[in-house]
Participant: 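My questions all concern the structure below.
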Amino acid sequence: MQTTVVKWGNSHGIRLPKAFLQNIKIFENDPVDVTLDNERIIIRKVNEKKHKTTKQRLIDFYGNNFEQYAANQKEIDWGKPVGNEVW
């Protein structure tokens, strides 16, 4: 398929057929990654990162045995309040 490069504001753009984008599951306003490889322009859909659960974040930080680590933690006594702290 052949298309034309057109001016779009201060940049240039290329129109892609809807069927092409639907085939690779890219839709309007989807983030894409555009890279240059020698004389090729490569467009890839960005895999959106989903929010991690608290458990996933703890595993990332402490490792798979985070529950054992948490069970061994003890409360720290910082002493009596000094100043206007409300406890």
Participant: Measure the CG-CD1 distance between L16 and I24 for me, rounded to the nearest 0.5 Å.
Facilitator: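 Separation between the atoms: 8.0 Å.
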Participant: Backbone N or O of R40 within a donor-acceptor pair of the N38 side chain at under 3.5 Å?
Facilitator: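 Not confirmed, N38 side chain does not pair with R40 backbone.
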Participant: Rounded to the nearest 0.5 Å, how far does CZ of R44 lie from CD1 of I26?
Facilitator: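 I26 atom CD1 to R44 atom CZ measures 11.0 Å (nearest 0.5 Å).
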Participant: Can you tell me if I42 has over 12 outside heavy atoms packed within less than 6.0 Å of its CD1?
Facilitator: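 Atom CD1 in I42 is crowded, with more than 12 foreign heavy atoms closer than 6.0 Å.
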Participant: What's the shortest heavy-atom distance between H51 and Q56, and which atoms?
Facilitator: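 Result for this residue pair: O-OE1, 4.3 Å.
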Participant: Nearest 0.5 Å, what's the CD1-CG distance between I41 and L36?
Facilitator: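 Reported value, rounded in 0.5 Å steps: 6.5 Å.
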Participant: Which pair of non-hydrogen atoms, one from F27 and one from D30, has the smallest distance, and what is that distance?
Facilitator: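 Heavy-atom minimum between the residues: N-OD2, 2.7 Å.
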Participant: Should V5 and V32 be counted in the same cluster of Ile, Leu, Val, Met, Phe, Trp and Tyr side chains packed under 4.5 Å apart?
Facilitator: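 Same cluster: V5 reaches V32 through Ile, Leu, Val, Met, Phe, Trp or Tyr contacts under 4.5 Å.
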Participant: Has N47 got more than 12 heavy atoms of other residues, nucleotides or ligands less than 6.0 Å from its CG?
Facilitator: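 12 or below, so no.
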Participant: Enter the distance from T3:OG1 to M1:CE here, rounded to the nearest 0.5 Å.
Facilitator: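 Result: 4.5 Å between the selected atoms.
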Participant: Return the minimal non-hydrogen interatomic distance between R57 and K52, and the atom names on each side.
Facilitator: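 What the structure gives for the nearest pair is NE-O, 3.6 Å.
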Participant: To the nearest 0.5 Å, how far apart are CG in L21 and CG in N23?
Facilitator: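 It comes to 9.5 Å.
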Participant: Got more than 12 heavy atoms from elsewhere within 6.0 Å of NZ, K7?
Facilitator: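 More than 12 heavy atoms, drawn from other residues, nucleotides or ligands, come within 6.0 Å of this atom.
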Participant: Roughly how far apart are I14 CD1 and T4 OG1, rounded to 0.5 Å?
Facilitator: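 So the gap between those two atoms works out to 9.5 Å.
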